[in-house]
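The model shown is predicted, which means the values in this text are computed figures rather than measured ones. Index from 1, following the sequence. Note that ligands are numbered from 1 as they come in the structure, with each ligand's atoms numbered from 1 the same way.
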Amino acid sequence: MTTSSSARLTKTVKQQYMELPQGHKVQAMYIWIDGTGEALRCKTRTLDSEPKTIEDLPEWYCYGSGTFQSEGSNNDMYLIPTAMFRDPFRKDPNKLILCEVLKYNRKPAETNFRQTCKKIMDMVENHHPWFGMEQEYTIFGIDGHPFGWPSNGFPGPQGAYSCSVGADKAYGRDIVEAHYRACLYAGVKLCGTNAEVMPAQWEFQVGPCEGISMGDHLWIARFILHRVCEDFGVMVSFDPKPITGNWNGAGCHTNFSTKDMREEGGLRHIEEAIEKLSKRHHYHIRVYDPKGGRDNARRLTGNHETSNINEFSAGVANRGASIRIPRSVDRDKRGYFEDRRPSANCDPYAVIEALIRTCLLNEEGEGPIEYK
Ligand code: ADP
Ligand code: MN
Ligand code: MN
Ligand code: MN
């Protein structure tokens with residue numbers, strides 16, 4: 001299956017070195033989103049002591065032209081630490097550090113959506129917005145073939161694979177298990193996982209996370225997945241429609257609630273939010289994938305448990321709608337709702353910012369409003 005050279009190196013030999021004491025030094029892996037808005041980059045530095053909070057971490061920089069981020073001759077970009085996690089690969093006391101990228105003039109890089117998201121989240125702090133995102137993904141061999149699929153032809157049709165068990169149905173569980181445990185160790189709020197409808201496709205859920213932390217936790221969970229896949233010599237794809245034809249695409253359903261929605265009779269607030277969303281469908285579609293809707297156009301066809309990209313719809317327990325109210329929420333008259341439109345390769349900061357703008361800041365129309 002795999003032709004990855006580094007996956008063929010002996011991991012047991014590596015382990016001998018990883019067990020060496022590291023003195024009082026700490027390795028900090030700085031991680032950031034590159035100029036594509038989808039891929040992650042990382043590099044490591046040694047710290048003299050264990051950082052306790054994000055303030056203990058120095059700024060750093062990266063060379064923008066190597067990461068699709070350069071702007072003319074001003075190539076150096078700043079890396080600003082924003083969230084810290086335990087490192088499940090090098091283990092304690094080593095750290096994974098998620099960073100924001102700033103340009104030479106200290107303005108956010110084009111693909112840095114965290115800064116405005118943070119500003120919007122601060123404005124609605126008293127609503128205690130919670131999010132939960134369901135990250136779907138597909139495992140590929142590094143030859144670009146879906147993992148475990150027969151080399152000539154296709155596996156049996158969909159139906160047998162969702163939440164499946166068995167060697168002929170669940171392809172690549174080792175990766176899922178390793179990723180799950182690594183996330184829990186890191187302190188990522190992973191709340192579940194399941195095999196998906198297409199073979200070699202899986203999902204993990206992150207949440208509920210309050211405010212900006214939703215984006216931080218999802219991006220680190222994605223990083224950990226890429227890193228685990230590297231060890232196994234396979235690749236993860238977040239493409240929203242990795243295989244054309246009669247195969248499900250990959251989304252990133254975003255579940256959302258406010259304090260009001262979670263309290264008794266909160267269903268009324270959920271319905272109000274959905275009403276506002278119904279009037280701003282195209283704005284959300286533009287924000288929900290990195291290509292302004294073009295990626296989702298391949299996925300949101302109205303088939304394969306998706307809604308049509310051109311129409312807004314909502315319903316209880318309806319998996320063919322843009323917005324779904326879970327059955328239990330309808331029964332309890334309180335809880336949360338699910339926006340099924342975001343694409344698997346969406347930027348979570350952009351998605352949750354749009355939800356707040358429309359549902360809590362009552363924005364209307366095609367574009368976002370600028371606040372002082
Ligand atoms: P589905 O039935 O759509 O497959 P999942 O079980 O995969 O649902 O995911 C449910 C998601 O909803 C999880 O990410 C969870 O964190 C999130 N969630 C649960 N309760 C809330 C809430 N009150 N507000 C926001 N998100 C929530
Ligand atoms: Mn799910
Ligand atoms: Mn799913
Ligand atoms: Mn869902």
Side-chain angles (χ1 to χ4, degrees), residues 121 124-125 127-138 158 161-164 176 179-180 183-184 187-198 201-222 225 238 240 248-274 277 288 296 299-300 304-307 313-344 346 348 351-356 359-360:
M121 291 300 160
V124 297
E125 220 174 4
H127 287 275
H128 298 283
W130 290 4
F131 303 95
M133 295 179 84
E134 305 167 45
Q135 177 69 65
E136 294 178 337
Y137 61 92
T138 312
Q158 294 187 160
Y161 308 106
S162 174
C163 303
S164 61
V176 177
H179 173 256
Y180 204 149
C183 282
L184 293 182
V188 174
K189 250 185 140 184
L190 219 77
C191 61
T193 185
N194 58 266
E196 269 305 332
V197 175
M198 183 178 91
Q201 198 168 71
W202 297 81
E203 169 181 311
F204 63 83
Q205 299 102 29
V206 180
C209 293
E210 187 158 334
I212 193 81
S213 70
M214 178 70 250
D216 297 341
H217 281 238
L218 185 59
W219 274 115
I220 284 290
R222 286 177 179 174
L225 184 55
F238 296 113
N248 273 34
C252 195
H253 300 167
T254 302
N255 301 271
F256 171 46
S257 67
T258 61
K259 189 165 169 286
D260 286 342
M261 296 176 193
R262 294 187 294 269
E263 282 174 357
E264 202 174 330
L267 186 60
R268 186 169 58 82
H269 296 276
I270 292 173
E271 284 164 351
E272 278 168 20
I274 294 173
L277 287 166
Y288 282 3
N296 247 337
R299 163 179 167 259
L300 295 177
H304 304 110
E305 297 169 61
T306 69
S307 56
S313 55
V316 174
N318 182 356
R319 290 174 188 269
S322 317
I323 305 283
R324 165 178 153 261
I325 297 177
R327 195 174 297 289
S328 61
V329 173
D330 187 56
R331 180 195 61 211
D332 301 342
K333 306 281 175 246
R334 64 155 116 179
Y336 63 98
F337 68 86
E338 174 190 46
D339 191 336
R340 301 175 59 81
R341 297 170 294 177
S343 153
C346 67
V351 171
I352 63 178
E353 176 184 325
L355 282 167
I356 297 293
C359 299
L360 292 182

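Neither the backbone nor the side chain of Arg327 comes within 4.0 Å of ligand 1, counting heavy atoms alone.
The backbone N or O of Arg334 lies less than 3.5 Å from no partner atom in the side chain of Asp332, so there is not a single donor-acceptor pair. The closest donor-acceptor contact from the side chain of Arg340 to the backbone of Glu305 lies under 3.5 Å. Distance alone, capped at 3.5 Å, is enough to place a donor-acceptor pair between the Ser313 side chain and the Ser322 backbone. In this structure, Arg299 contributes its side chain and Arg341 its backbone to a donor-acceptor pair below 3.5 Å.
Annotation: atom 13 (C) of ligand 1 to nearest protein heavy atom, Cys191 SG, 3.8 Å. Scanning the protein for heavy atoms near atom 4 (O) of ligand 1, the closest one is Glu134 OE1, 3.1 Å. Of the protein's non-hydrogen atoms, the one nearest atom 21 (C) of ligand 1 is Tyr336 CD2, 3.6 Å. What sits closest to atom 11 (C) of ligand 1 on the protein, heavy atoms only, is Asn255 ND2, 3.2 Å.
For Glu136 against Ala344, the heavy-atom pair with the smallest separation is O-CB, 3.5 Å. The shortest non-hydrogen separation linking Ser164 to Ala195 is N-CB, 3.9 Å.
In the vicinity of Ser257, heavy-atom distances shorter than 4.0 Å reach the ligand 1 atoms 22 (C), 23 (N), 24 (N), 25 (C).
Remark: distances from the non-hydrogen atoms of Arg340 to ligand 1 are all 4.0 Å or more. Residue contacts with ligand 1 include Arg319, since one or more of its heavy atoms lies under 4.0 Å from the ligand. The closest approach between a heavy atom of Gly192 and any atom of ligand 1 is not below 4.0 Å. At least one heavy atom of Glu203 lies less than 4.0 angstrom from ligand 1.
The atom name of the N/O/S atom in Glu203 closest to the Mn ion (ligand 2) is OE2. Minimum-distance N/O/S atom of Glu134 relative to the Mn ion (ligand 2): OE1. The Mn ion (ligand 4) sits nearest to atom OE2 when only the N, O or S atoms of Glu338 are considered. Among heteroatoms of the N, O or S kind in His253, ND1 lies nearest the Mn ion (ligand 4).
Considering both main-chain and side-chain atoms, Glu338 comes within under 3.5 Å of ligand 1 through a nitrogen or oxygen pair. By the 3.5 Å distance cut-off applied to N or O atoms, Pro208 is counted among the residues near ligand 1. For ligand 1, the polar-atom distance check finds no N/O of Asn194 at less than 3.5 Å from any of the ligand's N/O atoms. Checked against a 3.5 angstrom limit, the closest N/O atoms of Arg262 and ligand 1 fall outside it.
Side chains of Ile270 and Tyr336 form no contact here, defined as non-hydrogen atoms less than 4.5 Å apart. The closest side-chain heavy-atom distance from Phe256 to Ile352 is not below 4.5 Å. Residues Leu218 and Gln135 are in side-chain contact: their nearest non-hydrogen atoms beyond the backbone lie under 4.5 Å apart.
Between the side chains of Glu196 and Asn248, not a single donor N or O lies within less than 3.5 Å of an accepting N or O.
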Side chain to side chain contact (heavy atoms under 4.5 Å, CB included) for Met198 and Gln158? Distances and angles first, verdict last. CA-CA 6 Å; Met198 183 178 91; Gln158 294 187 160; 3.5 Å; yes

